[in-house]
Amino acid sequence: MQMFVNGARVDAASGATMEVHNPASGEVVDRVPKADADDTRRAIEAAAAAFPAWAKLPPAKRAHVLLRAAASARAHLDEVAQLLTSEQGKPIRDSKIEAQRCVENIEIYAGLVLGGEPSGRHVPLPAQNAIGLVVRRPLGVVGAIIPWNFPLTLLANKIAPAMAVGNTVVAKPASTTPLATLRIAELLHDGGLPAGVLNVVTGPGGVVGEEIIRHPLVRKIGFTGETGTGKQVAKSAADELKHVTLELGGSDAAIVCADADLDLAAKNIAIGRFFNAGQACLAIKRVYVMDEVADALIDKVAARAKRLKLGSGTDASAQMGPLHTDKQRAEIESQLADAVERGGTIVAGGQRPAGEQFGQGYYFEPTVVVDVPAEARVWTEETFGPLLPIMRVKDLDEAIERANASEYGLGSSIFTRDMTAAQRAIDELEAGYTWVNAVQIAHDELPFGGTKHSGYGKEHGTEVLDYYTEQKSVVIAS
Ligand code: NAD
């Protein structure tokens, strides 16, 4: 597949390409251009050229263009989902939901603009015969840099609000997951999105991403990825004082109190840990359970982990696909070995699954490990795969203290029937999100973003519009 720049499919000027592999088989699915800094500059210049006309469109007209473009993509969701499964590895039904959510996001932000968002303010001023206004302006060209775990969701989180309020975009998917993104851009264009409003450049992060971050015409960077990369992004973007949103790594804690509904807790913990083969930023990566109910909870979570059906993403009955790469699987195996060496006990999974159908893919069983000391890597690092440590604690004080003893602050959960305990979790857990007895999914309606080393800025909700517009104060005297 070619890149998508200024409304056309293009190759890298050098002709260089990179392979895209299927994580279930290791086979080459396709090749995409390996762009360099000059290719990236051409895409940025196309976005800058498209900006004035796009920004000047009356908001309702812009919204209708986006709704028509989204309808064009909506007609091809199955095809997009198949591309996503072939490059990412996730089960096809999850890919369908992701493709649909991507299009829905464009519709949601077009709808918000139709409804008058983002609104400004009229401010009464003390001076006679003068009124104050706060108006919003789009920023200009926005760079969207995306990881491989939810390529379409994380693309939509950026491009949907950005385009709706009048910005133009240069997006860079992860090198291993460019295909569904390229196809979505093309479908949006086929549906009437003007050339240059959304450009997709494929290539290495250190080249294409770095050029997007450093180029003076790009006024904002929406970045999702690892904390280490995010820090580098913030440093590079500082030279041009760019707006930056950083959605980074997480190690979300879940607390299970003695009075909790243990079946509900076990179900939501299993979903929260094993969805997308555990490769999610918002994912339950540590569990702290009160002593009195620890054995019962561990049994229930382990039983759910053992029941999950592994399989290739194209197997309609598979609940969990392979890990995205061999490196990703090796990392999980190394974190598990560390936990076991330090005294941990595996109560579910712990192996690569046996069977010919798993031979070529990067599969790993859903794994639960207990009695792991607090210094182990599963507690101190991000665990980006299907591996869950569960720790027994004596009370809520200890649970909250341990939950907060992490450099990350993305999500958090508590399972309890006691509103006082829930209130303490809401007030005291250092995270951008707290779920109470709820399944840990991010809702489009609520702002989402981390604290501490999980980043800054918000996506989703109406709040994201603050991150893709500038506010300008106006005084009108008569
Ligand atoms: P990554 O940081 O390796 O890569 C993310 C993107 O940045 C890719 O497109 C990559 O090519 C690009 N990149 C790499 N180096 C760059 C550089 N120097 N300059 C500019 N761009 C560069 O992350 P990953 O391994 O693809 O994704 C997994 C990580 O993403 C995990 O840590 C996960 O928690 C995090 N994540 C966070 C969220 C969130 O919303 N907070 C969501 C999903 C994933």
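Counting begins at 1 with the first residue of the sequence. The shown structure was predicted, so the numbers you read here are calculated from the model rather than taken from an experiment. Numbering of ligands and ligand atoms starts at 1, following listing order.
Remark: atom 4 (O) of ligand 1 lies closer than 4.0 Å to no protein heavy atom.
The heavy atom nearest to atom 27 (O) of ligand 1, considering only Gly249, Pro147, Gly230, is found in Pro147. Of all the listed residues (Thr177, Thr229, Asp252), Thr229 holds the heavy atom that lies closest to atom 14 (C) of ligand 1.
At a threshold of 4.0 Å, the pair Arg342-Asp338 counts as salt-bridged, since one of the basic side-chain nitrogens sits closer than that to a carboxylate oxygen. The existence of a salt bridge linking Asp444 and Arg101 is confirmed by a sub-4.0 Å separation between a basic side-chain nitrogen and an acidic carboxylate oxygen.
Between the side chains of Ser406 and Lys452, not a single donor N or O lies within less than 3.5 Å of an accepting N or O. The closest side-chain donor-acceptor pair between Thr462 and Glu117, if any, does not fall under 3.5 angstrom.
Classified by interplanar angle (parallel below 30°, tilted 30° to 60°, perpendicular above 60°), the ring pair Trp148/His324 is parallel. Relative orientation of the Phe275 and Phe150 rings is parallel, given thresholds of 30° and 60° on the angle between their planes.
Taking distance alone, with nitrogen or oxygen atoms compared against 3.5 Å, Gln232 stays at or beyond that limit from ligand 1. Looking at ligand 1, you won't find any N or O of Ser175 less than 3.5 Å from one of its N or O atoms. For the pair Lys285 and ligand 1, the shortest N or O to N or O distance does not fall below 3.5 Å. Residue Leu410 has no N or O atom closer than 3.5 Å to an N or O atom of ligand 1. An N or O contact shorter than 3.5 Å links Glu226 to ligand 1 by distance.
Close contacts of ligand 1 with Glu210, meaning ligand atoms under 4.0 Å from a residue heavy atom, involve 17 (C), 18 (N), 19 (N), 20 (C). Taking a cut-off of under 4.0 Å to the non-hydrogen atoms of Thr224, the atoms of ligand 1 that pass are 5 (C), 36 (N), 37 (C), 38 (C), 39 (C), 40 (O), 42 (C), 43 (C), 44 (C). Each of the following atoms of ligand 1 lies closer than 4.0 Å to a heavy atom of Ile213: 19 (N), 20 (C). Short contacts between ligand 1 and Phe223, defined as distances under 4.0 Å to a heavy atom of the residue, involve ligand atoms 2 (O), 6 (C), 7 (O).
The neighbour count for Lys34 NZ, taken as heavy atoms of other residues, nucleotides or ligands under 6.0 Å away, does not exceed 12.
Under 4.0 Å from ligand 1, not a single heavy atom of Leu282 appears. With a 4.0 Å cut-off on non-hydrogen atoms, Leu248 touches ligand 1 through its backbone and not its side chain. The proximity of Ile212 to ligand 1, defined as any non-hydrogen pair under 4.0 Å, does not occur for either the backbone or the side chain. Counting heavy atoms under 4.0 Å from ligand 1, residue Gln279 does not touch it at all. No part of Val208 comes within 4.0 Å of ligand 1, judged by heavy-atom distances.
Ligand 1 lies within reach of Phe384, whose nearest heavy atom is under 4.0 Å from it. Taking 4.0 Å as the cut-off, Ala174 counts as a neighbour of ligand 1 on heavy-atom distance.
Applying the side chain to side chain contact (heavy atoms under 4.5 Å, CB included) test to Pro194 and every residue at least two apart in sequence or in another chain returns Trp54, Val65, Val197.
Under the side-chain contact (heavy atoms from CB on, under 4.5 Å) rule, Tyr433 has a single partner from Ile441, Asp252, Leu446, which is Leu446.
Residue pairs that meet the side chain to side chain donor-acceptor pair (under 3.5 Å) test with at least one member in residues 273-287, sequence neighbours left out, are Lys90-Asn276, Ser251-Arg286, Lys285-Glu382, Arg286-Tyr288.
Within the 4.5 Å cutoff, the side chain of Thr314 has no heavy atoms near those of the Ile92 side chain.
Lys220 forms a cation-pi arrangement with Tyr468, by the criterion of a distance under 6.0 Å to the ring centre and an angle within 45° of the ring axis.
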